[in-house]
Amino acid sequence: MRAVIFSKDRPAQLELLVRSLKEQIREQSSLSIAVLYAASNSGFGEGYERFRSLHPEVELSLQVKDRPIKAQIASLVERERREFFTFFTDDIVIIRPVAWTDHPFNVLRRQQDVVSVSLRLNPRVSFCQPLNLAETCPPLDDDLTWDYRSPTSRWLRLARAATGYPYPKGDWAGAMFIDGYIFRHDQFVPYFSALPEFSHVTHIESVMLRNPLPGRRVVCYPESRLVNLVLNRVDTQSQYPHAGGSPGELNSRFLSGEVLDYEKLKGLHNTSCHIAVEPDWTTRSNLKSSEANAC
């Protein structure tokens, strides 16, 4: 799988994401990781240099302000072709093992009507934290696929609700999110190239959601493979809620030699894709052997 990660002012969280990928992805030799990052000051820049020293095999690219952002992303998307492709954001943590032989990937291989694999959803997800929205898992087929499309008019939505058949809302109502939705790489490259231009990384998801790949279904695992940790907010373009933490404080601790620990997140049974938890810290010497090997 080719993974392109977007990161801004979060080198400590980026390091945790990459370490969790290395620990939880079973076929490491087939995993190719690139990071497009932005640092708002020299301290964050130093944080990304520490990240580079811990994970030298990761392709780390600084976002160039005077170059179109889509072209910068496209060059990373097209490089290092694999069977699958995904975008990640730096506030993600992988919490369970992922293997390309798992059921959802076999569904994506054989069913052209399936657009993507969602690593973040599971049938119990019932709250969309960014929108403060209660949501209901839509009817899933036996293979854990569902029709992600919502009715196109208010009257159709009301008619659907009157029958007791919930329509997809929030996290369930899309196939093109940028936090751990897996696509066929060969299909995604020309699709991304043909998308309209956008001016900020934060606009990618809305552009993709308005221009989805062909197909009407998504597939998930029975348990989520990742969660978004809403510790802080670095996107000045959004107003999504978060836990109120400071990216600068996390970066200072990271530069002092600490790394984020995620033992309490592994195997989490979540009912929301986005969660707020108090971060735990440790040092590389205190990591379990599997995590230390991932550094």
Side-chain angles (χ1 to χ4, degrees), residues 1-6 17-34 57-58 76-89 92-125 137-149 168 171-192 204-205 208-209 212-228 265-270 273 290 294:
M1 181 178 74
R2 174 67 164 175
V4 173
I5 304 171
F6 301 120
L17 166 57
V18 170
R19 183 165 17 107
S20 69
L21 280 166
K22 290 182 177 181
E23 181 174 344
Q24 301 291 0
I25 299 292
R26 290 299 185 240
E27 295 89 350
Q28 281 295 305
S29 62
S30 66
L31 179 63
S32 170
I33 304 174
E57 76 291 347
V58 173
L76 299 177
V77 169
E78 295 169 8
R79 210 173 303 161
E80 295 287 339
R81 295 291 186 94
R82 296 292 191 270
E83 183 178 9
F84 302 114
F85 176 83
T86 190
F87 287 126
F88 287 125
T89 53
I92 284 171
V93 178
I94 312 300
I95 60 173
R96 286 186 177 84
V98 175
W100 314 135
T101 55
D102 289 347
H103 165 76
F105 293 99
N106 290 329
V107 171
L108 186 61
R109 286 184 180 101
R110 68 173 181 259
Q111 295 188 32
Q112 289 302 307
D113 199 29
V114 173
V115 180
S116 57
V117 174
S118 172
L119 297 184
R120 71 179 186 174
L121 285 167
N122 72 70
R124 295 188 314 280
V125 168
C137 174
L140 302 179
D141 284 357
D142 291 342
D143 59 3
L144 294 182
T145 66
W146 72 96
D147 188 336
Y148 75 87
R149 302 169 304 169
D171 296 301
W172 294 98
M176 308 300 299
F177 295 103
I178 64 170
D179 39 9
Y181 279 60
I182 314 297
F183 310 99
R184 305 172 187 90
H185 201 174
D186 285 347
Q187 183 184 28
F188 192 82
V189 168
Y191 159 79
F192 189 83
I204 299 171
E205 189 169 85
M208 289 172 53
L209 288 169
L213 279 162
R216 59 188 180 88
R217 304 189 75 77
V218 180
V219 60
C220 67
Y221 280 84
E223 296 287 351
S224 298
R225 262 45 194 175
L226 63 79
V227 291
N228 295 72
L265 296 173
K266 295 178 184 178
L268 178 76
H269 296 285
N270 56 303
C273 299
S290 59

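Positions are given from 1, in the same order as the sequence printed here.
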Side-chain touch [X]/[Y], heavy atoms, less than 4.5 angstrom:
| X | Y | result |
| --- | --- | --- |
| P123 | L140 | yes |
| R26 | T101 | no |
| R2 | L76 | yes |
| D147 | R216 | yes |
| C137 | V125 | no |
| R124 | E223 | yes |
| Q111 | D143 | yes |
| Q187 | P214 | yes |

Q.
Is the ring pair F84/F105 parallel, tilted or perpendicular, if the boundaries are 30 and 60 degrees?
A. tilted
(Q) Which label fits F85 and F87: parallel for a plane angle under 30°, tilted from 30 to 60°, or perpendicular past 60°? (A) perpendicular
Q: Would you kindly check if the NZ (Lys) or CZ (Arg) of R120 is within the cone defined by 45 degrees around the ring axis of F177 and under 6.0 Å from the six-membered ring centre?
A: yes
Q: In plain terms, say whether R217 and D141 are close enough for a salt bridge, that is, a side-chain N and a carboxylate O under 4.0 Å apart.
A: yes
Could you state the interatomic distance from [atom1] ([X]) to [atom2] ([Y]), rounded to the nearest 0.5 Å?
| X | Y | atom1 | atom2 | answer |
| --- | --- | --- | --- | --- |
| L17 | K22 | CG | NZ | 11.0 Å |
| L119 | T86 | CG | OG1 | 6.5 Å |
| R225 | S118 | CZ | OG | 11.5 Å |
| N122 | L268 | CG | CG | 9.5 Å |
| R96 | Q24 | CZ | CD | 9.5 Å |
| D113 | L108 | CG | CG | 11.5 Å |

**Q.** Residues in side-chain hydrogen bond (donor to acceptor under 3.5 Å, both in side chains) contact with E78, at least two apart in sequence or another chain
**A.** none
(Q) With side chain to side chain contact (heavy atoms under 4.5 Å, CB included) as the criterion, how do I94 and E23 come out once you've worked through the C-alpha distance, each side chain's angles and the decisive distance to 0.1 Å? (A) CA-CA 9 Å; I94 312 300; E23 181 174 344; over 6 Å; no
Looking at [X] and [Y], what are the two nearest heavy atoms and their distance?
| X | Y | answer |
| --- | --- | --- |
| D171 | Y181 | O-OH, 3.5 Å |
| F88 | G180 | CE2-CA, 3.6 Å |
| A173 | P168 | CB-O, 3.6 Å |
| I33 | V18 | CD1-CG1, 4.4 Å |
| L21 | Q28 | O-NE2, 3.1 Å |
| M176 | V115 | SD-CG1, 3.8 Å |

Q.
salt bridge (charged side-chain N to carboxylate O under 4.0 Å, His left out) for R82 and E27? Distances and angles first, verdict last.
A. CA-CA 12 Å; R82 296 292 191 270; E27 295 89 350; over 6 Å; no
Q) Does the side chain of T89 pick up a donor-acceptor pair with the side chain of D179 at under 3.5 Å? A) no
Q) After noting the C-alpha distance and the side-chain angles of V189 and R81, does the key distance pass the side chain to side chain contact (heavy atoms under 4.5 Å, CB included) rule? A) CA-CA 9 Å; V189 168; R81 295 291 186 94; 3.4 Å; yes
Q: Quick one: do R109 and W100 satisfy side chain to side chain contact (heavy atoms under 4.5 Å, CB included)? Show the steps, please.
A: CA-CA 10 Å; R109 286 184 180 101; W100 314 135; 3.7 Å; yes
Q. Is there a side chain to side chain contact (heavy atoms under 4.5 Å, CB included) between Y221 and V98 once you walk through the steps?
A. CA-CA 10 Å; Y221 280 84; V98 175; 3.8 Å; yes
